[in-house]
Amino acid sequence: MNARPAGSEQPLPSPVRPSAGAIDPAAATWPRGGGPPSVEEARALQDLLAPRVRAQPVDVERVGLVAGLDVSYTEGRLVAAAVVLSAETLEVVDAATVATAPRFPYVPGLFAFRELPPLLDAIDRLGTAPDVFVCDGFGLAHPRRFGLACHLGVLLDRPTLGVGKTPFVGRAEPPGQQRGSWSPLVDGDEVVGRALRTRTGVKPVYVSIGHRIDLDSATELVLRTAPNYRIPEPVRHADRLSRDDPGA
DNA sequence: GCGACAG
DNA sequence: ATCTTGTCGC
């Protein structure tokens with residue numbers, strides 16, 4: 001474990017940012033540098049960055065570290081958590097939290113502008129460099145094809161994917177009851193993700209790619225990291241930490 | 001125009 | 001997201 005208290009003031013060199021091909025996170029979420037963008041600016045920024053998303057296969061067998069990301073809301077505060085697990089053993093090897101005041105309202109479709117800034121800070125505080133990031137929410141399965149997972153992936157230029165608990169855009173037939181079965185999540189004439197059964201007889205999760213991964217690889221990784229519960233372990237841990245960390 | 005709408 | 005008790009089942 002490498003968690004540092006969320007209040008520490010000293011920015012440490014990040015093993016994740018910057019990286020070649022990455023975008024300046026500040027410019028890509030807070031375009032005017034100071035205050036948050038307007039809703040119109042935020043949407044325009046998504047349209048501007050969406051073309052950078054790339055789908056590509058990932059050798060899931062060789063993924064070593066998987067990060068789970070989540071944010072909780074408490075008493076007007078927002079707590080972002082990043083937890084890193086060994087893909088092999090699913091044991092937690094690193095974690096970090098950050099508590100901040102919300103600086104952007106909850107607007108469906110503009111999630112990233114609310115949750116990404118604190119999540120990026122939490123990621124910066126990690127002492128490890130995850131191979132893949134699993135977000136609580138969506139990636140391509142988004143009105144402008146640029147959900148939180150895509151946004152994070154493009155900013156970091158790293159593989160990311162999103163796992164949602166309820167559908168946002170698109171429609172999917174109920175997948176078979178058996179764990180592992182899935183059905184395409186279709187929006188208009190595009191396949192934007194999958195409804196995936198991670199537990200037999202339990203309602204499916206909705207998987208979509210973020211960046212630098214494809215749907216097959218994302219599906220495989222989600223199944224691999226969710227052997228016992230509906231929600232993948234990395235996200236489960238991040239969810240718990242974001243709510244329980246007293247230091248946050 | 002109306003309803004729906006990730007967390 | 002959060003507000004909230006008990007209950008059925010593996």
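Residue numbers begin at 1 in each chain, while the letters A, B, ... track the order of the sequences.
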Is A:Tyr106 stacked against the base of B:dG7, taking the criterion as centroid distance under 5.5 angstrom and interplanar angle under 30°?
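Yes, A:Tyr106 stacks on the base of B:dG7, since the ring centres sit under 5.5 Å apart and the planes are within 30°.
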Using whole Å, report how far CZ of A:Arg236 lies from C1' of B:dG7.
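Taking atom C1' of B:dG7 as the reference, CZ of A:Arg236 is at 18 Å.
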Answer yes or no: is there a donor N or O on one side and an acceptor on the other, between the side chain of A:Arg240 and the main chain of A:His237, under 3.5 Å?
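The answer is no, because no donor-acceptor pair under 3.5 Å joins these two groups.
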Side-chain donor-acceptor pair under 3.5 Å between A:Asp216 and A:Thr219, yes or no?
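There is no such pair between these side chains.
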Taking the side chain as every heavy atom from C-beta outward, state whether A:Leu110 and A:Arg43 have any pair of such atoms under 4.5 Å apart.
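They are in contact (side-chain heavy atoms under 4.5 Å apart), so the answer is yes.
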Using 30° and 60° as the class limits, which term best fits the ring planes of A:Trp30 and A:Phe104: parallel, tilted or perpendicular?
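Ring orientation of A:Trp30 relative to A:Phe104: tilted.
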Describe the nucleic acid contact of A:Leu148 in one word from base, sugar-phosphate, nothing, applying a heavy-atom distance below 4.0 Å.
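Base contact.
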Would you call the rings of A:Phe146 and A:His151 parallel, tilted or perpendicular if under 30° counts as parallel and over 60° as perpendicular?
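It falls in the tilted class, 30° to 60°.
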Answer with yes or no whether the side chains of A:Arg230 and A:Thr198 bring together a donor and an acceptor at under 3.5 Å.
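Short answer, no.
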Report which part of the nucleic acid A:Gly109 touches: base, sugar-phosphate, or nothing (heavy-atom distance under 4.0 Å, all strands).
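A:Gly109: base contact, heavy atoms under 4.0 Å.
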Any side-chain N or O of A:Tyr73 below 4.0 angstrom from OP1/OP2 of B:dG7?
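No, outside the criterion.
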What is the distance, to the nearest angstrom, from the CG atom on A:Asp239 to the P atom on B:dA6?
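The distance from CG of A:Asp239 to P of B:dA6 comes to 17 Å, rounded to the nearest Å.
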Heavy atoms only, 4.0 Å cut-off, all strands: where does A:Leu110 land among base, sugar-phosphate and nothing?
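The residue A:Leu110 makes base contact.
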For A:Phe104 and B:dA6, what is the distance between atoms CZ and P respectively, to the nearest whole Å?
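One finds 15 Å between P of B:dA6 and CZ of A:Phe104, rounded.
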Within the structure, does a side-chain N or O atom of A:Thr74 lie under 4.0 Å from either OP1 or OP2 of C:dA1?
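No.
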Would a 4.5 Å heavy-atom cut-off, applied to side chains only, mark A:Gln56 and A:Ile213 as touching?
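No - every pair of side-chain heavy atoms lies 4.5 Å or more apart.
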Between A:Phe138 and A:Phe111, does the ring centroid distance fall short of 6.0 Å?
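A:Phe138 vs A:Phe111: aromatic centres not under 6.0 Å.
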Separation of B:dG7 P from A:Arg114 CZ (nearest whole Å):
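In whole Å, B:dG7 P lies 13 Å from A:Arg114 CZ.
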Can you find a side chain N or O atom of A:Arg243 that sits less than 4.0 Å from OP1 or OP2 on C:dT2?
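True: A:Arg243 side-chain N/O within range (under 4.0 Å) of C:dT2 OP1/OP2.
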Atom pair distance, as rounded to whole Å: CD1 in A:Ile231 and P in B:dA6:
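Nearest whole value for this atom pair: 15 Å.
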A:Arg144 CZ to B:dA6 C1', straight-line distance once rounded to whole Å:
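The answer, rounded to whole Å, is 12 Å.
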To the nearest Å, give me how far apart CD (A:Glu115) and P (C:dA1) are.
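Roughly 9 Å, once rounded to whole Å.
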Give A:Pro143 one of three labels, base, sugar-phosphate or nothing, depending on what nucleic acid heavy atoms sit under 4.0 Å from its own.
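The residue A:Pro143 makes no contact with any strand.
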Is there side-chain contact between A:Leu69 and A:Val235, with heavy atoms separated by less than 4.5 Å?
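When only atoms from C-beta onward are counted, A:Val235 and A:Leu69 do not touch, as no gap falls below 4.5 Å.
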Kindly give the atom pairs (protein nitrogen or oxygen, nucleotide nitrogen or oxygen) under 3.5 Å for nucleotides 7-10 of chain C.
none

Check for me: is A:Phe138 stacked on B:dA6 by the 5.5 Å centroid and 30° plane-angle rule?
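Taking the rule of under 5.5 Å and under 30°, the ring of A:Phe138 does not stack on B:dA6.
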Pairing stems for DNA chain C [at least three consecutive pairs; Watson-Crick or G-U; under 3.5 angstrom]:
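Consecutive-pair runs (3 or more) involving DNA chain C: none.
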Count the heavy atoms of every other residue, nucleotide or ligand shown that sit under 6.0 Å from CD of A:Glu88, and state whether that count exceeds 12.
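Open: at most 12 neighbouring heavy atoms sit under 6.0 Å from CD of A:Glu88.
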Without decimals, in angstroms, what is the distance between A:Asp70 CG and B:dG7 P?
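One finds 9 Å between P of B:dG7 and CG of A:Asp70, rounded.
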